[in-house]
Every structure is written in C-alpha cells, then in structure tokens.
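Below is one structure, written out as structure tokens; comments come after it.
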Amino acid sequence: MAGFLRPGERAPVAFGLSFDSDRGEAGGAAPVYNKNERLALAEQRRRLPIYAHRTELLYLVETHATTVVVGETGSGKTTQLPQYLHEAGWTQGGKLVACTQPRRVAAMTVAARVAEEMGCRLGQEVGYAIRFEDVSTPGVTKIRFCTDGVLLREMMSDPLLLKYSVVMVDEAHERSLATDMLLGLLKKVQRRRPDLRVVISSATIEAEKMARFFDTSNVRRPRAHAELPAEGAAPSRSPALMSVEGRTHSVQVHYLEAPTNDYLTAAVEAAVAIHREDLPGDILIFLTGQDECETVVRLLEDEGRRLQRSKLKWRLKPVALYAGLPAAHQLGVFEPAPRGVRKVVVATNIAETSVTLEGIVYVVDSCFAKQRCYNPLTGLESLLIAPISKASAAQRAGRAGRVRPGHCFRLCTEEDYESKLPATTVPEMQRSDLSGAVLQLKSLGVDNIMTFEWLAPPPAETMIRALETLHALGALDLDARLSRPVGTQVADLPLDPPLARMLLASSELGCTAEVLTVVAMLSVQSVWAPGGKREVDEAKARFSVAEGDLISYLNVWKAWGESGRSKKWAVAHRVMHRSMLRAADIREQLQAHLRRLGLRQGSALEGVSLLDHAEALTTVRKALAAGMFINAAKLTEELAVKLSDQQDMGASVYRLVRSAGGDAAAAKLRIHHSSVLFRCRPQWVLFYAAEQNDSGWYEMRDVLAIESAWLTELAPHMYRLVPLNPQLRR
DNA sequence: GAGCACTGC
C-alpha cells in the first residue's frame, strides 16, 4: 500500500506507519469507562473544565446581550451552562432557560443527564421538547432543551420568545437550516427585548463570525426603544467571546505519500495495516454511502479470514453503519467488542456528528461525503460525492481521541488536503430549497425576505425561486404577502409547502383520509427496507399500481394497518417498520392540525363500490397533484445516448414541462429505479422529488401518473394549452 | 436500465 506521512515528515519509514510512541504507554485494553463514575454527581460537575470559568461566564452573560462560547468536546458546556444560569437566578420570575440542539436524541439525552445532576424527575425542573414529545411542565420547568426546529415553531405563537430569559443555541457551527434561521431571528428579537440574553455555543472556526454577526454596538437603537425605562444598566451590544478548553486526547494525523483514485481499496489497506500493528483500539472508516460501506465490510471480512493465520492478538470484525440500517443491525456497532476482537466500523457521515462510538482509537477518512446541492435555476437537487471541508475532517479526526491518544489516516496527500479541501462546509442555507424557510419567516412577520439578516445570505436566485414556488402554490399573493386562508394554513402545518398544499386541497375534495396517509409517508425517510434488491422489488410489486408510487403507498398503509401494525408483517414485506410507525405519528399529528384549523375531513375511497373506485381515485390523485404540479414531466421521444456510459442507452427521457428554456429545459430526467413506475412509461408524471446523482441523470422518486389536462385545470396560472398546429387555432 | 449523506417541524 501507499505509506502515510505525518505533517512535515519527509522520509517515509518502512511502512509509513509507526506507533512507537504508543507502545508501552497504555498497553492494556483501551479504557472506555467514565473514570469519574463513582464520584458524587456534584463532584463530577466541579471537575469539568467549564467549572473554572463559571463566575466569568455568568458575568459575561449578565453584562452582554450575546455571549459566544467556544467549548471544545468534553468541556461540559451543554450540561453545565444551563444549570449555572438557573443557579444564578435567570429562571426566577417564571422565565425559562432554553437550550437548542440540532438533533432530537441530543435534546433528550442531555435533558436526562441534567435532570439527574439536579436530582429532579425529567419533565419537572428540567424538560425537553421535540416533535411529538413535550416532556415539560408549565410553571415548573426551568430549563428546557429542545430541537432548534421546535423553538422556531414556538416562535409562531410567541414571536418574542417571552417565556425565556436566555436562549442558548448549541452546536451553532453545524449551521443547520434551522440554526441559521434561529440566529437571524434572535438578532431581530434582541432589538425588541434588551432583557433577553443569547448564548451561542460554537466551534472555534465559526466563533468570530457569530460574534461579528451579533455585534450591534454601532447600530443606533430605534428611538421608541431608547425611551424605554432603563432597568439597571443595559447589556453591552458588543458580544462577549470566551473559550473553554475541552477534555480530549491528542490525535496524530497521517497523510498518503501519493494520491489514490480508489479510496475504497486504500481504506481497506489502511485498516489492515493498522490491524497488523497489533495495538489495541477500534477503527472507524468514513466513506460516502451505503453501497461503499457494504463493499468495504465484505473486503475486510475477506482480509480478516486471510489474517487469521498470522497470529495476531486481535481478530477483525467489520460492521457497517449508515442511517438506513434497521435498528437491529446497528446494535453490533455500539456494543463494545468482546475480548480479542477489533471492531472496524465502516460508516457514512452519520458517525461525524449524529452518533458517538466508544473505543475508537483509529480513524480512516476518505475525505469525501455525499453533498446535497440545490440549483435554483432548475429547481432540482443534486446529491454528489464531493471532498469534505477541513472543519469536517477535523471533526472526523476528533472521533479518534475520545478514550486515549489516537491516529487519523486521511486518504489523500497532505498537499491535496491543504489545497483542495475548502476550510468550511457551505452552510445548508446556501444549498437548499428555501420555500419552507421563506414561508415560515413570512408567517413570523418578516415581510421583506430580501433584507432579512442572515449569518450567510442564500443566493438571491434561491429566494426568488422560493417566492415563485409559494406564489404558484397560492400561499403568497401578488405582493408576496401571506395569502388567507391558504398561506397561513400552509405555514401552520409542519410540512413541506407542497405537501401542506395537497392536504388543504384534499379537504376541499373530500379525501383527507387518503392524502394524510400519502403525505405522512412522503415525510419519512424511506418506506422500503434496504438490502436484497430482488426481494425488495418483488415485495414492492405486490402493492404496485399503475397510478404510481403515491397511490401504492396507500396499499402499503392499508395492508400494514390490517396486519395490526405488525412488525413481523413489515419484515416479511420488506417494509421499514420504523418508518411506518413514524408515518403513523406524523399522520396523527397532522390530523390534529386539520381539526384545529377547522378543516373538513373525509374519505374518498372508503365504502366506495368497485364501479366508482376509479373516479374516487382520480379525486385523490387530483388532490395530490394540487401540491406537486410544479414538478411535471413529460415523456419524450428521445432515447438517452451515452449520458455517462452505455448502460444508459435506451432509457426513456423525461423533460420538465414548466421550463421554457435554459438550464431547466436541458435537465434529463428518468424514473428512479425504486419507483413502481420504473418499467412503465407514463406520458405525463408528477414527482415529489428528483435528484441528480453521479451518473448525471435527474432521477424522479415518488412519481404520480397524471393526465395532461389536470395541469391546465389545477394550475392555469402556470400551464396553458399550446396547440400543436397553429392552423388549428380558432 | 440498478439504488437513497444527514437532520428537523
């Protein structure tokens, strides 16, 4: 294999790998226990690095409207800071301290830990709120952990966040769409609420930017507010910035001596080389997708068999980890490896932030990831393999230093790392469709979207496209104001605007029962289980109908319901039980929203005779079309000629209907293999999502076959009939 | 003709 070099190292050692510094240092098994476990909780709290900064932090929050805290991993910021604020009196007078997290599990686990430290029951003084679950008690709860999405929703009924005295935004450097929106809104709220304190927790790389963003010391305060009676000294409008050291071990980084164009083989070689050194510790390999992970697991299993002859102390045990994996298969990943076994976790980006693994000492990083990108000119998304950022690479490397000093092997040369990887990842805000975000801002009273202060403004084209989409859906009027009732109702529903729109249409057409199901199932990750391609195809065929995927989902839902929502049924039919349960939750939540909005509910298919079935189904399809008509595609006569390679020859090409020319007209679409319409060629289709992959094709998923006349009927503002022959025009 | 990084309301 190609050897590895440490930064600044010139001559390669025999194998490029050398852990001499590690030998004899900690010979035994890697410790994976919390060595403070037996200490009283209070003593453990005092031992956290952040404890030494307690007084200073409280002083900064007291005297500054915004405080940016750079707290490295293990500093204790997430669990301690909210408690310090509570102890210092910020929760007196019925106010709460909020702490937002980008992920649901984080909000739940952190809340549980803090409740334990404070010696109270979860949901009393300490609570959390995530979608479907509000574990907090009004009047009792003082510290509330929640996802940033929940706090955003909460702002729709409490725009000034009057319930809260302090809002702490954790993991702000991750720059999720919801975090960026929240930051912009918090800055706006601060102008109206000088008493509110904002605490931003961020990694070093984004900290300065956060502080600059919240600095309003040069902005003149509006006169109306200057006249407010001063309650003590006003806090400084220049943010405070402070760092708290973390508690992690050093990670030594190694690079390839020569570049590779096959990072899968390189990853396997690196893992084998590490294994041969015969030192303790698990290995974590970062790749880009499910297929890659499975391939490398197989290759490592082969290598493991071969290595069994070579008298090593440990046996290799490769395991894959990606989001689509059924929970049962994930178990092996988190269980500590038994004695004499070295775990090799082959993971996607999920291991970068979403899950933490114990016992990892070695990280092998392909330095690639699949990145979602939005093209506002076509209105379509891409999911392409791209080099990760240096910030991402640092995060991945850090996964090696949780239990003891570790090593990170990047599968590129140091020169390429320095010159080809961008410093930071482009924030989600700048590579997503923003129609949902724009609508939410409108409903929060941000009238002029173009002048809203973003931490990083999205492309103007994306904003314009979002306004156009919302206008086409009828959610905005010609002055780009929220329409009534459609606009306010679409904004009220916790759904993508197109899905919300079809739900409203279904109420008018009397088929909410069916559309609720479809919308809920479109809102979950994947209905079908991964694995055995043929098996899934066969299982799917049992539910397939010519009208397309959305109608087939109705059959899956019905059959799952008739089985008594049985997990056994789901497994037998290659349906993801987890997804179905979540869809059921979403469906129920949406139904409650419909009731609250006072919308009529009904079923088109229930109790309908076979004779009237087709007509009833057309009603459902039209309701669905009312939300998706923007994504209309028509089958062309063209046959694909060598788009990427000969495999594509003969595939049916679809073109967007809405485009008059330009980038959108050039986009070649085809029906995704996962669609039940893959082998059919309906003339006219609508799709919920299409994304470009590395083959160059835009693949349509969740397809609905329609009749062309529906387009002009449902969306005359967008589509009109063009006579084929001008002479036929009357 | 072959396949879905990760979150969130």
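Below, chain A is the first sequence line, B the second, and so on; all start at residue 1. Please read all numbers here as calculations on a predicted model, not as lab measurements.
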_Tell me every residue that passes side chain to side chain contact (heavy atoms under 4.5 Å, CB included) with A/Thr260, counting only those two or more places apart in sequence or in another chain._
A/Leu256, A/Asp262, A/Ala266
*asked:* Looking only at the side chain of A/Ile350 (C-beta and beyond, no hydrogens), which of the listed nucleotides B/dC6, B/dC9, B/dA5 gets closest?
replied: B/dC6
*Using the side chain to side chain donor-acceptor pair (under 3.5 Å) rule, collect all pairs that involve residues 487-505 of chain A, keeping only residues at least two apart or in two chains.*
A/Asp496-A/Tyr688
*Counting side-chain heavy atoms from CB outward, which of B/dC4, B/dA2, B/dC9 is closest to A/Ile130?*
B/dC9
*To the nearest angstrom, how far is A/Trp697 atom CH2 from B/dC4 atom P?*
15 Å
_Whole-Å gap separating C1' (B/dC6) and CG (A/Leu325)_ = 15 Å
*Spacing between A/Gln525 atom CD and B/dC6 atom C1', to the nearest angstrom*: 8 Å
*Rounded to whole angstroms, how far apart are CG on A/Asp148 and P on B/dT7?*
14 Å
_Can you list everything that forms a side-chain hydrogen bond (donor to acceptor under 3.5 Å, both in side chains) with A/Thr512? Sequence neighbours excluded, please._
none
List the atom pairs, with distances to 0.1 Å, where a side-chain N or O of residues 291-300 of chain A and a protein N or O form a donor-acceptor pair under 3.5 Å, not counting sequence neighbours.
{"unit_1": "A/Glu292", "atom_1": "OE1", "unit_2": "A/Tyr263", "atom_2": "OH", "d": "3.3"}
{"unit_1": "A/Glu292", "atom_1": "OE1", "unit_2": "A/Thr288", "atom_2": "N", "d": "2.9"}
{"unit_1": "A/Glu292", "atom_1": "OE1", "unit_2": "A/Thr288", "atom_2": "OG1", "d": "3.1"}
{"unit_1": "A/Glu292", "atom_1": "OE2", "unit_2": "A/Tyr263", "atom_2": "OH", "d": "2.6"}
{"unit_1": "A/Glu292", "atom_1": "OE2", "unit_2": "A/Thr288", "atom_2": "OG1", "d": "3.0"}
{"unit_1": "A/Glu294", "atom_1": "OE2", "unit_2": "A/Tyr322", "atom_2": "OH", "d": "2.4"}
{"unit_1": "A/Thr295", "atom_1": "OG1", "unit_2": "A/Asp291", "atom_2": "O", "d": "2.8"}

*Between A/Trp454 and A/Phe452, what is the ring plane arrangement, given parallel below 30°, perpendicular above 60°, and tilted in between?*
perpendicular
*If only side-chain N and O atoms of A/Thr348 are considered, is one of them under 4.0 Å from the OP1 or OP2 phosphate oxygen of B/dC6?*
yes
*Kindly say if A/Asn693 contacts the phosphate of B/dG3, meaning a side-chain N or O under 4.0 Å from OP1 or OP2.*
no
*Which nucleotide in B/dA2, B/dC9, B/dA5 has an atom nearest any side-chain atom of A/Val150*: B/dC9
*asked:* Nearest whole Å is fine: how far is B/dC4 P from A/Tyr688 OH?
replied: 17 Å
_Separation of B/dG8 P from A/Glu171 CD (nearest whole Å)_ = 13 Å
*NA contact type, A/Arg103, heavy-atom cut-off 4.0 Å: base, sugar-phosphate, or nothing?*
sugar-phosphate
*Identify, residue by residue, the members of residues 488-498 of chain A with a heavy atom below 4.0 Å from DNA chain B, and return them in order of residue number, or none.*
A/Pro494, A/Leu495
*Is a side-chain donor or acceptor of A/Lys390 paired with a backbone partner of A/Leu421 at a separation under 3.5 angstrom?*
yes
*Short side-chain N/O contact from A/His672 to OP1 or OP2 of B/dA2, under 4.0 Å*: no
*Taking only side-chain nitrogens and oxygens of A/Thr147, does any of them come within less than 4.0 Å of OP1 or OP2 of B/dC9?*
yes
*Look at the side-chain N and O atoms of A/Arg104 and state whether any lies under 4.0 Å from the OP1 or OP2 oxygen of B/dC9.*
yes
_Can you tell me which nucleotide in B/dC4, B/dG1, B/dC9 comes closest to the side chain of A/Phe678?_
B/dG1
*Using side chain to side chain contact (heavy atoms under 4.5 Å, CB included) as the criterion, list what pairs up with A/Thr147, not counting sequence neighbours.*
A/Arg104, A/Ile130, A/Val150
*In whole angstrom, what separates A/Arg701's CZ from B/dG3's C1'?*
8 Å
